[in-house]
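Have a look at the structure below before the remarks.
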Amino acid sequence: MSGPIWDDHAWEPLPRLEGTVRADVCVVGLGGSGLAALEELHAHGVSAVGLDARGVGAGAAGRNGGFVLAGLAKFYHQTVAQLGRATAAAIYRATAEEIRRQAAAMPEVFRLKGSLRLAADAAELGDCRAHLAALQADGFAGEWYRGPEGEGLLLPTDGVFQPLARVRTLARRLRAQGVLLYEQSQLVKLLPGQVVTGGGVVHCDAVIVAVDGRLEAIFPELAGRVRTARLQMLGTAPAPEVRFPRPIYWRHGYEYWQQRPDGAIALGGFRDHALEAEWTQLAEPTDFIQERLEKFLREHLRVHAPVTHRWAASVGYTPDGLPLLEELRPRVWVAGGYSGTGNIVGALGGRTAAQRLCGAPAPWADLLAAARSGGVETGRGLSMPPAAF
Ligand SMILES: Cc1cc2nc3c(=O)[nH]c(=O)nc-3n(C[C@H](O)[C@H](O)[C@H](O)COP(=O)(O)OP(=O)(O)OC[C@H]3O[C@@H](n4cnc5c(N)ncnc54)[C@H](O)[C@@H]3O)c2cc1C
């Protein structure tokens with residue numbers, strides 16, 4: 001019952017780091033962000049090793065809802081209000097392009113049939129209209145939707161992927177290219193030019209720490225700038241009694257679900273029902289949230305199929321909802337803090353940290369810098385609680 005519905009158990013564990021290795025760059029964290037960093041470094045001909053405290057996709061990257069959505073955690077109209085139209089539009093364009101890029105590279109794990117943002121009540125319908133109007137005003141695809149699942153907006157260029165399959169595919173490809181990846185290798189100490197794990201040391205010129213949840217456990221100086229929260233989900237056996245052709249997020253994104261091609265449902269949400277308790281670095285599911293998820297599954301989604309999986313993972317929230325991406329210490333880049341929506345922006349963050357280290361153009365970093373220089377706080381997005389800090 002515990003563990004994500006995405007695990008098909010087709011994974012050969014990778015070795016633990018033992019002894020000493022040498023590389024130009026050490027990437028810490030083998031989720032979607034760290035693997036994207038490794039891809040980029042390899043493309044630039046830079047030698048790199050990757051390591052993870054547990055395993056490839058053992059964090060949120062392999063345990064999430066699988067939504068691939070353009071934009072940041074906040075909805076587009078909220079991002080426009082926060083950052084202005086030009087920056088919001090440029091960010092949206094970059095994330096939509098990243099979706100296309102990843103889907104083209106891994107068509108077998110993506111299904112880009114659109115996403116539905118559905119309203120939970122009349123007030124949210126009004127917000128959906130504002131959301132759609134902002135998208136259309138800037139030339140982005142979106143249309144009003146009324147159907148058996150509810151009413152709201154349809155975003156035709158979004159979609160889903162199989163999260164664990166994505167990171168495992170990336171890791172297999174990197175290994176086939178000769179990139180060394182280590183599992184069960186936790187960073188315990190960061191010294192200038194050295195990443196020390198329980199079993200060995202990586203000597204390197206630079207480090208990228210690509211960790212979303214629990215980032216402040218590695219870098220205490222980030223306390224107050226990023227905060228770890230737990231998000232929970234459940235999964236069911238195939239549910240032929242319902243049909244959800246597109247992934248749906250509901251109630252301002254607090255609840256989200258998708259139906260896999262085999263009919264199984266993956267459903268997450270209700271974090272705001274236990275806001276204080278879910279600000280935690282623990283990543284075990286709780287009865288409190290799981291009971292709410294199951295009630296919603298039965299009463300709102302009308303699914304009868306048995307629950308087969310329950311899981312949770314850690315993510316990092318930032319006060320302004322903007323991802324964290326910076327050279328925190330000399331030659332040490334950090335990428336994280338995706339505020340509940342990191343499948344796409346995480347990969348952009350990891351790749352961008354690598355570009356910066358290679359001295360290559362890094363348009364995503366420039367966009368985030370522009371966003372930070374003019375930002376004001378407002379709104380919330382997928383799983384983003386109000387008044388988070
Ligand atoms: C339940 C849930 C549902 C979600 N749904 C969605 C969604 O539908 N769409 C979306 O876009 N986003 C979603 N998210 C958010 C998204 O999953 C994350 O933002 C994203 O996966 C982060 O990827 P990452 O590679 O940056 O970090 P992670 O996947 O967290 O990877 C970090 C890795 O670093 C490792 N690590 C941590 N500390 C150390 C250390 N000291 N030494 C070595 N390794 C270490 C961890 O073991 C982990 O494997 C969801 C998250 C959760 C938890």
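Both ligands and their constituent atoms are indexed starting at 1 by order of listing.
The closest approach between a heavy atom of Met233 and any atom of ligand 1 is below 4.0 Å. Note on ligand 1: Gly62 sits outside its first shell, no heavy atom being nearer than 4.0 Å. Not a single heavy atom of Ala335 sits under 4.0 Å from any atom of ligand 1. Ligand 1 has no atom lying under 4.0 Å from any heavy atom of Gly336.
A salt bridge links Arg298 to Glu294: one of the charged nitrogens lies within less than 4.0 Å of a carboxylate oxygen. Asp127 has no carboxylate O lying under 4.0 Å from a charged side-chain N of Arg251, or vice versa, which leaves the two without a salt bridge.
For ligand 1, the atoms sitting less than 4.0 Å from at least one non-hydrogen atom of Arg63 are 1 (C), 2 (C), numbered in the order shown with element in parentheses. Atom numbering of ligand 1 starts at 1 in the shown order; those under 4.0 Å from a heavy atom of Val315 are 15 (C), 51 (C), 53 (C). Set against the non-hydrogen atoms of Tyr338, the atoms of ligand 1 under 4.0 Å away are 19 (O), 26 (O). Within ligand 1, the atoms closer than 4.0 Å to a non-hydrogen atom of Gly55 are 49 (O), numbered from 1 in the order shown. Per-residue contacts place Val211 under 4.0 angstrom from the following atoms of ligand 1 (heavy atoms of the residue considered): 32 (C), 34 (O), 36 (N), 37 (C). Each of the atoms 42 (N), 43 (C), 44 (N) of ligand 1 lies under 4.0 Å from some heavy atom of Val28. Heavy-atom proximity to Ser185, at under 4.0 Å, picks out these atoms of ligand 1: 43 (C). Those atoms of ligand 1 that come under 4.0 Å of a heavy atom in Ala210, given as number and element, are 32 (C).
When non-hydrogen atoms are compared, ligand 1 lies under 4.0 Å from neither the backbone nor the side chain of Val68. For Trp311, no heavy-atom contact with ligand 1 is shorter than 4.0 Å.
Ring-plane geometry between His131 and His77 is classed as parallel, the angle between the planes falling under 30 degrees on a 0 to 90 degree scale with a further cut at 60. The aromatic rings of Tyr317 and Trp279 lie perpendicular to each other, with more than 60° between the two planes, well past the 30° mark.
Nearest-heavy-atom check against atom 5 (N) of ligand 1 across Gly57, Gly65, Pro323 picks out Gly65. With Asn64, Leu187, Leu51 as candidates, the residue nearest to atom 41 (N) of ligand 1 on a non-hydrogen basis is Leu187. Across Gly342, Gly268, Ala283, heavy-atom proximity to atom 16 (C) of ligand 1 is greatest for Gly342. Of all the listed residues (Gly340, Ala73, Gly59, Ala60), Gly340 holds the heavy atom that lies closest to atom 14 (N) of ligand 1.
Geometrically, Arg292 engages Phe288 in a cation-pi contact, judged by NZ or CZ lying under 6.0 Å from the ring centre and within 45° of the ring axis. Remark: Arg117 fails to qualify as a cation-pi partner of Tyr76 under the 6.0 Å distance and 45° angle criteria applied to the six-membered ring.
Of the candidates Leu322, Leu69, Thr95, Ile91, Val345 forms a side-chain contact (heavy atoms from CB on, under 4.5 Å) with just one, namely Thr95.
At least one N/O-N/O distance between Ser33 and ligand 1 falls below 3.5 Å. Looking at ligand 1, you'll find an N or O of Phe67 within less than 3.5 Å of one of its N or O atoms. Polar contact with ligand 1: present for Gly32 (N/O pair, distance under 3.5 Å). Note: an N/O pair closer than 3.5 Å links Asp52 and ligand 1 by distance alone.
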Under the side chain to side chain donor-acceptor pair (under 3.5 Å) criterion, do Gln177 and Glu39 qualify, and how do the steps go? CA-CA 10 Å; Gln177 291 163 342; Glu39 266 192 329; over 6 Å; no

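Donor-acceptor pairing under 3.5 Å is recorded for the side chains of Glu98 and Gln102.
Under the 4.5 Å side-chain heavy-atom criterion for grouping Ile, Leu, Val, Met, Phe, Trp and Tyr, Val160 is not connected to Val109 through any hydrophobic cluster.
Side chains of Gln82 and Lys74 form a contact here, defined as non-hydrogen atoms less than 4.5 Å apart.
In plain terms, the two heavy atoms of Phe270 and Ile289 that are nearest each other are O-CD1, 3.2 Å.
Side-chain N or O atoms of Arg230 include one that pairs as donor or acceptor with a backbone N or O of Glu284 at under 3.5 Å.
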